[in-house]
Amino acid sequence: PETGSLSIVVLGASGDLAKKKTFPALFHLYRRGFLPPNETHIFGYARTKISDDELRSRIRSYLVNDKEASPEQLDDVAKFLQLIKYVSGSYDSEDGFRLLDREISLHESLKNSVEGSSRRLFYLALPPSVYPSVCRMIKTCCMNKSDLGGWTRVVVEKPFGKDLQSAEELSAQIGELFEEPQIYRIDHYLGKELVQNMLVLRFANRFFLPLWNRDNIDNVQIVFREDFGTEGRGGYFDQYGIIRDIIQNHLLQCFCLVAMEKPISLKPEHIRDEKVKVLESVLPIKDDEVVLGQYEGYRDDPTVPDHSNTPTFATVVLRVHNERWEGVPFILKAGKALNSRKAEIRVQFKDVPGDIFKCKKQGRNEFVIRLQPSEAMYMKFTVKQPGLEMSTVQSELDLSYRQRYQNVTIPEAYERLILDTIRGDQQHFVRRDELKASWEIFTPLLHKIDEGKFESIPYKPGSRGPAEADELLEKAGYVQTHGY
Ligand code: BG6
């Protein structure tokens, strides 16, 4: 591993994302020993004029619960917070960034006892509208200047644009300043344990290899549900809607991992080449394979316009034009304010031909990968009902991570991904052409929605979403199985 000074700069340090995700992830990495104090310094940067201690106290409650924490944890929190310094400045003027650069350089010179390079990581926990100016400032004022080598990397969060054109513009603006290996586009679903398991599952198990195709699989569902609404984020959400917020990125990444061909190696470029190929094989979305919904009460949020038609729920069917998947619907479904919080991939197999047991009504073989909560994989299959009669019943082979890996703490997605950025591993980050291909799939539909050509059907908060979505699911071939 590389050594030398490591400066992590969190831009937008007083914002929600930084407090809720970035700093806690850094704290966990620190506790696990990945951010050695003799090398690491963390800088918070934002416009608000506050002191180091004020930033530290704002972050603190997201790191630890004083009532439950052990003395060691409290001690770790105190030490971690001491690594953090705050610099205030604007996002579009050089003064603040020059000051930031001086602070980083000072830290680097103090760490000169450690032989090695200087590493500078800039995490943009900011709205994308300021990415171009912030990237320009970093490039002008804050690049690594060490003779001993090292690097400068930038981490950006979605939304990367609102459609193909705006995403391409953003990519071009950032691309003028940084090379692709310096840019880390985070999709935090790629940091989830069971998402990372997908390639292992598919390509390290003989079981699945011959079955994973149109001859055996009837349909695939990739589902995201939340049991709460937009909660204070209505203003942001209303400009984007559920397709841009969840489906075009998080669910599409899951889709890629289910549908892509085997990469020739685990090199990030090889994996991402295969993702791009499958994305480019997706056919245009058909209007009658889309259902949109909006939960009742969404417009009560004062930041949401009274007549908003923005979907908080969507079911969209993707069809892949290739040898493996022709005819197999991939049903991507996401919704806010539904009856549960869950994210899962459901692979449903075809009926057994010439069924002598008449077990069809009990349901099909289905393989379920539950990303959250309680990570699990289970397989629904038919067995003989134990007892004297020759009848059949649906049962499960169940691998629940909590039970099977009791002593392992599953890392948070952000923790893993930030570590990857420090290590320089882009496997779990979105490449520019991949981003483009994903916008190509959804842009025509998004434009139609923006033009009001689709209506968002109202649904009750706490429900399954509009009934029309279940009808679409059935039409696409999904058969509800019972028992689990
Ligand atoms: C974010 C979305 O990307 O993902 C949010 O902007 C959503 O709307 C969140 O709530 C869900 O993430 P997770 O990890 O809780 O499933």
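Counting starts at 1 for both ligands and their atoms, in listed order.
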Worksheet item: Would you say Trp439's side chain and Phe160's backbone share a donor-acceptor pair under 3.5 angstrom?
Response: yes
Compute whether any side-chain donor of one residue and acceptor of the other, for [X] and [Y], lie under 3.5 angstrom apart.
{"X": "Gln348", "Y": "Asn219", "answer": "yes"}
{"X": "Glu169", "Y": "Gln173", "answer": "no"}
{"X": "Tyr236", "Y": "Asp245", "answer": "yes"}

Fill in: Side chain, backbone, both or neither: Phe237 near ligand 1, heavy atoms under 4.0 Å
neither
Worksheet entry | Residue portion contacting ligand 1 (non-hydrogen atoms closer than 4.0 Å) for Arg341 | side chain
Shortest reach to [atom] by a heavy atom, considering only [options]:
{"atom": "atom 5 (C) of ligand 1", "options": "Glu231, Lys158, Arg233", "value": "Arg233"}
{"atom": "atom 7 (C) of ligand 1", "options": "Lys192, His188, Glu226, Glu157", "value": "Glu226"}
{"atom": "atom 16 (O) of ligand 1", "options": "Phe224, Tyr236, Tyr189", "value": "Tyr189"}

Worksheet item: With atoms numbered from 1 as shown, which atoms in ligand 1 lie under 4.0 angstrom from a non-hydrogen atom of Lys336?
Response: 5 (C), 7 (C), 8 (O), 10 (O)
Worksheet item: Which residue supplies the protein heavy atom nearest to atom 6 (O) of ligand 1, what is that atom called, and how far is it?
Response: Asp245 OD1, 2.6 Å
Worksheet item: Do Tyr459 and Phe313 have ring centres separated by under 6.0 Å?
Response: yes
Practice prompt. Would you mind reporting whether Phe429 and Leu190 have side-chain heavy atoms less than 4.5 Å apart?
Written response: no
